[in-house]
Amino acid sequence: MTAPVNVICMKWGTLYGPEYVNNLRRGVARHLGRPHRFVCFTDRAEGLDPEVEVRPIPDLGLPAGHSDRRWQKLSVFRPQLADLTGTALFLDLDLVVVGGLDPFLDLPGAFRIIRDDDLFRAKPLRRLNPSRDRFLHSVGNSSVFRFEIGAHTYILDAYLADPAAATRDYEISQQFQSAQLAAHGQLDYWPKGWCVSFKNDCVPRGLASFRADPVLPEGARIVVFAGNPKMTEVLAGQGQKWYRRIGDVGWLRRAWEG
């Protein structure tokens, strides 16, 4: 019998309530056709559904004197990750599953992630610094990534070797993570259109948003909230700007709440 795959998420602090984990788990259950475990690494298990496997947040392993936990997500690259083995699909809490997830597990490659640029509109001014532009075009957005547990310990090792330098030289952890993956020849991306930005791919652009409601692009499987507005704002009927209307999002709310 084939071992179940692992779908994992991470929740610490109070920014996201238990409903985010529960709704994410239900979305995964609806859209993943193979046996799987749904595991939440958290310091607050109150209110989580019984179907959620709860595990403590992995120790990041920071040396004495370093207490910055913004890069906590890198702890999934420990040699051992709780009692999990095999393939893991990491999902952020502020996203909505809207289509089949099995292709995320079938696609070949040692490591797969969203290309961050696929979630945003073109930034022409970035070309003024070609080397910086090339690097940023290579960065993966860590809202959705797949890896083999214990196979990418070099990412965490490189960070722990000098965390001060890492946070000095890279703006956010996904930049550092992508640089390490690229150096080891293991940085591959999801096909464009599998993971879409709510703001940039679902909401009509500019004044068109005042004439039409947000729609789900054909072929999309996951809606990601990159930048602003945040998922909490959109689901609460907020996040509008003078130049951008966010109309009816009933389809998104139904997909999130199940």
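For clarity, every value in this text was computed on a predicted model and none was experimentally measured. Position 1 is the first residue of the sequence; numbering continues from there.
Of the residues listed (L105, L89, L84), the one engaging V5 in a side-chain contact (heavy atoms from CB on, under 4.5 Å) is L105, and it is the only one. The only option from F111, F147, F145, F104 that meets the ring pair (Phe, Tyr, Trp, His ring centres under 6.0 Å) definition with F90 turns out to be F145.
A donor-acceptor pair shorter than 3.5 Å can be found between the side chains of Q72 and S75. Side-chain contact of D133 with S131: a donor-acceptor pair under 3.5 Å is absent, judged by distance alone. Side chains of S142 and K73: a donor-acceptor N/O pair is present below 3.5 angstrom, by distance only. With hydrogens and angles left out, the side-chain atoms of R26 and N23 include a donor and acceptor closer than 3.5 Å.
The salt bridge (charged side-chain N to carboxylate O under 4.0 Å, His left out) test applied to R30 returns no partner, not counting sequence neighbours.
Around CD of Q80, the count of heavy atoms belonging to other residues, nucleotides or ligands within 6.0 Å does not exceed 12. Other residues, nucleotides and ligands contribute more than 12 heavy atoms inside 6.0 Å of the CZ atom of R126. By the 6.0 Å contact criterion, NZ on K192 is open, its count of non-hydrogen atoms from other residues, nucleotides or ligands being 12 or less. By the neighbour-count criterion of 12 heavy atoms within 6.0 Å, atom CG of L207 is sparsely surrounded, having that number or fewer from other residues, nucleotides or ligands.
The two atoms that bring R253 and A236 nearest to each other are NH2-N, 4.4 Å, heavy atoms only. Across every non-hydrogen atom of N141 and S143, the tightest pair is OD1-OG, 2.7 Å. In this structure, P163 and A161 approach most closely via the heavy-atom pair CD-C, 4.0 Å.
Placement of L91 and L74 in two distinct hydrophobic clusters is found when ILVMFWY residues are connected by side-chain heavy-atom separations under 4.5 Å, directly or transitively.
Ion pairing of R37 with D83 is present here, as a side-chain N (NZ or NE/NH1/NH2) and a carboxylate O approach within less than 4.0 Å. A salt bridge is defined here as a Lys NZ or Arg NE, NH1 or NH2 lying under 4.0 Å from an Asp or Glu carboxylate O, and R221 with D102 fails to meet this definition. Electrostatic pairing of D94 and K230 does not count as a salt bridge here, judged by no charged N lying under 4.0 Å from a carboxylate O.
Between L101 and I222, some side-chain heavy-atom pair lies under the 4.5 Å cut-off.
No side-chain donor-acceptor contact under 3.5 Å links N6 to the backbone of I8. A donor-acceptor contact shorter than 3.5 Å is absent between the side chain of N22 and the backbone of L48.
In summary, the aromatic rings of W194 and Y189 are positioned with their centroids too far apart to meet the 6.0 Å limit. For W71 and F176, the ring centers sit closer than 6.0 Å to each other.
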